[in-house]
Amino acid sequence: MSAPTASTAGTSQKPRISTRIGNIAESATLAVDAKAKALKAEGRPVIGFGAGEPDFPTPQPIVEAAVAAAQDPKNHRYSPAGGLPELKAAIVEKTKRDSGYEIAANQVLVTNGGKQAVYETFATLLDPGDEVILPAPYWTTYPEAIALAGGVTKVVVTGSEQDYLPTVDQLEAARTPATKVLLWCSPSNPTGAVAPRELTEAVGRWALENGIWVVTDEIYEHLVYDGAEAVSLPVAVPELADTCVVLNGVAKTYAMTGWRVGWMAGPTDVVKAATNLQSHLSSNVANVSQRAAVAALTGPLDAVADMRAAFDRRRRTIVELLAAIPGVQCPTPKGAFYVYPDVRELLGKQIRGQKIETSLDLAAAVLEHAEVAVVPGEAFGTPGYFRLSYALGDDDLKTGVERMGALLREAQ
């Protein structure tokens with residue numbers, strides 16, 4: 001018998017992929033978007049409602065600032081791991097302007113997109129076994145980032161009958177001695193729900209009284225409708241500032257998803273520790289992207305207002321179209337660019353000879369027979385629902401929902 005080679009010795013009993021990484025689920029929203037694009041490439045007229053990104057180009061003044069930055073040699077080198085001083089200053093001013101929350105530059109860490117801010121925040125706050133209360137429906141990345149940090153997710157399920165907003169009583173019922181963090185997201189991905197000021201303040205008071213940290217994701221703050229107000233938690237409850245981390249970024253507001261600039265803002269000790277992590281993880285965010293973000297945050301908000309007006313028009317259209325489909329219930333969202341219809345009445349029925357047991361089955365049927373891509377509620381912790389992003393052209397939006405509706409009317 002020959003001796004094992006250097007490449008195989010000692011590995012036969014060890015898994016090729018670590019358990020920690022092997023347990024990470026693929027991003028369902030990106031997977032749906034990728035499948036829709038692959039089918040389009042095959043020539044099928046698929047309309048995708050999966051990806052949560054504006055369909056507008058980045059405003060031209062921001063692009064021009066990036067071009068100028070790329071031509072400046074000072075941007076060809078490493079810069080501080082925590083972010084360019086100019087961008088940190090812009091974030092400080094923007095935060096005060098937009099939400100009324102006053103912070104200092106040493107409370108800001110600039111990250112490679114909002115996802116890195118989410119991951120680094122949980123990695124910094126959590127020890128193994130610490131629990132995070134997570135209202136559902138939730139964005140797919142949250143539980144994965146919590147698990148990677150060794151945390152335990154405690155899901156609080158909300159439904160369409162309560163506009164997908166948790167009550168303080170629900171949060172209290174989920175609290176245990178191991179609870180360390182509450183994740184809060186308003187305006188919400190995936191539902192578009194916006195917590196009113198009274199609820200925001202009540203949740204903040206509850207967290208403060210019970211010594212619970214709050215991680216609040218405010219990346220959709222500019223996308224609110226029907227007079228709704230995106231209230232920042234540490235503004236609603238100022239005493240919470242020492243145990244609160246605010247997540248934000250330029251992706252959604254300025255149509256800059258591909259530029260990869262986000263940030264976390266919080267207590268100085270947390271931000272310093274997260275900056276140490278980032279110094280080993282990725283170092284600085286690309287300088288050209290940071291310079292573009294400075295231009296975005298310090299420039300006018302005219303383009304933002306135009307995009308919000310377009311999203312509002314599409315929001316009203318998609319809610320009207322969905323409401324006309326038998327078996328579909330859809331609360332009118334007041335923020336972001338998503339609708340989250342309840343399709344539970346359609347489960348257990350048949351469509352074109354197939355029995356539909358789950359919203360996963362229903363989404364697969366919609367893709368196959370209507371050539372429309374939606375994300376099933378299983379991805380967001382609440383089976384029986386769909387998420388549709390209305391950040392796509394008006395014509396595609398109308399055609400896509402009408403196609404889906406025609407198919408769903410066949411359910412019996």
Side-chain angles (χ1 to χ4, degrees), residues 99 101 107 114-115 117-159 162-191 193-221 230-248 264-267 269-271 273-274 335-336 380-382:
S99 68
Y101 187 34
Q107 292 179 261
K115 285 185 178 180
V118 171
Y119 170 73
E120 292 182 344
T121 297
F122 285 124
T124 301
L125 291 179
L126 300 179
D127 282 316
D130 285 341
E131 292 179 356
V132 179
I133 295 177
L134 180 60
Y138 49 69
W139 182 40
T140 57
T141 291
Y142 296 141
E144 305 300 338
I146 292 165
L148 278 171
V152 177
T153 296
K154 302 286 284 189
V155 175
V156 171
V157 176
T158 67
Q162 61 190 99
D163 288 335
Y164 306 116
L165 294 169
T167 66
V168 171
D169 287 343
Q170 284 181 296
L171 300 179
E172 175 61 21
R175 184 174 66 87
T176 76
T179 302
K180 185 171 184 181
V181 179
L182 164 70
L183 187 287
W184 191 249
C185 182
S186 175
S188 164
N189 176 4
T191 67
V194 180
R197 180 175 289 273
E198 314 83 70
L199 177 59
T200 304
E201 183 172 347
V203 167
R205 292 286 173 201
W206 169 83
L208 185 68
E209 290 165 4
N210 289 287
I212 296 171
W213 283 76
V214 177
V215 175
T216 174
D217 189 339
E218 301 181 359
I219 201 163
Y220 293 96
E221 63 183 341
V231 182
S232 180
L233 255 170
V235 173
V237 183
E239 305 96 311
L240 196 64
D242 192 51
T243 50
C244 182
V245 176
V246 179
L247 308 178
N248 211 321
M264 57 182 285
D269 57 338
V270 172
V271 169
F380 308 105
T382 53

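Values below: all heavy atoms of this structure, side chains included; hydrogens, waters and symmetry mates excluded.
- Using a 4.5 Å cut-off on side-chain heavy atoms (C-beta onward), Asp217 and Tyr142 make contact.
- To the nearest 0.5 angstrom, Ile146 atom CD1 is 5.0 Å from Leu134 atom CG.
- Across every non-hydrogen atom of Tyr101 and Ala241, the tightest pair is OH-CB, 3.6 Å.
- Between Trp206 and Ile212, some side-chain heavy-atom pair lies under the 4.5 Å cut-off.
- Within the model, atoms OG of Ser188 and CG of Leu165 stand 8.0 Å from one another, a figure rounded to the nearest 0.5 Å.
- The two residues Thr191 and Pro137 come nearest to each other via the heavy atoms CG2-CG, 3.6 Å.
- Summarising the local packing, CG of Asn210 is surrounded by more than 12 heavy atoms from other residues, nucleotides or ligands at distances under 6.0 Å.
- Pro166 and Trp184 make their closest contact through CG-CZ3, 3.7 Å (heavy atoms, listed as atom of the first residue, atom of the second, distance).
- Using a 4.5 Å heavy-atom cutoff, the side chains of Thr216 and Cys185 are not in contact.
- Leu171 places a side-chain heavy atom less than 4.5 Å from the side chain of Leu182.
- Between Ser232 and Glu218, the shortest heavy-atom contact is OG-OE2, 2.9 Å.
- A donor-acceptor contact shorter than 3.5 Å is absent between the side chain of Lys180 and the backbone of Leu126.
- Proximity of Gln107 to Pro267: side-chain heavy atoms (C-beta onward) are nowhere separated by under 4.5 Å.
- At distances below 3.5 Å, at least one donor-acceptor pair connects side-chain atoms of Thr176 with backbone N or O atoms of Ala178.
- Nearest approach of Asp130 to Leu125, heavy atoms of both residues: OD2-O, 4.0 Å.
- Side chain to side chain, Ser99 and Glu221 fail the donor-acceptor criterion of an N or O pair below 3.5 Å.
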Dump the intermediate steps for side-chain hydrogen bond (donor to acceptor under 3.5 Å, both in side chains) on Thr121 and Thr124, then the final yes or no.
CA-CA 5 Å; Thr121 297; Thr124 301; over 6 Å; no
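- Shown here for Val237 and Glu201, the closest heavy-atom pair between the two residues is CG2-O, 3.6 Å.
- Residues Glu131 and Arg175 are not paired through a salt bridge, judged by the lack of any N-O separation under 4.0 Å between the basic side chain and the carboxylate.
- At least one side-chain heavy atom of Val155 sits less than 4.5 Å from a side-chain heavy atom of Val157.
- Put simply, the side chain of Gln170 gets close to the backbone of Thr167: a donor and an acceptor are under 3.5 Å apart.
- Put simply, CZ on Arg205 and OG1 on Thr200 are 12.5 Å apart, with the number rounded to the nearest 0.5 Å.
- Between the side chains of Tyr138 and Asn189, no donor N or O sits under 3.5 Å from an acceptor N or O.
- A heavy-atom distance below 4.5 Å is found between the side chains of Trp139 and Lys115.
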Does the side chain to side chain contact (heavy atoms under 4.5 Å, CB included) test come out yes or no for Trp213 and Val270, once each step is laid out?
CA-CA 12 Å; Trp213 283 76; Val270 172; 3.5 Å; yes
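- Counting only distance, with no hydrogens or angles, the side chain of Ser186 and the backbone of Ala195 share a donor-acceptor pair below 3.5 Å.
- Looking only at side-chain heavy atoms (C-beta outward), Val214 and Val181 stay at 4.5 Å or farther from each other.
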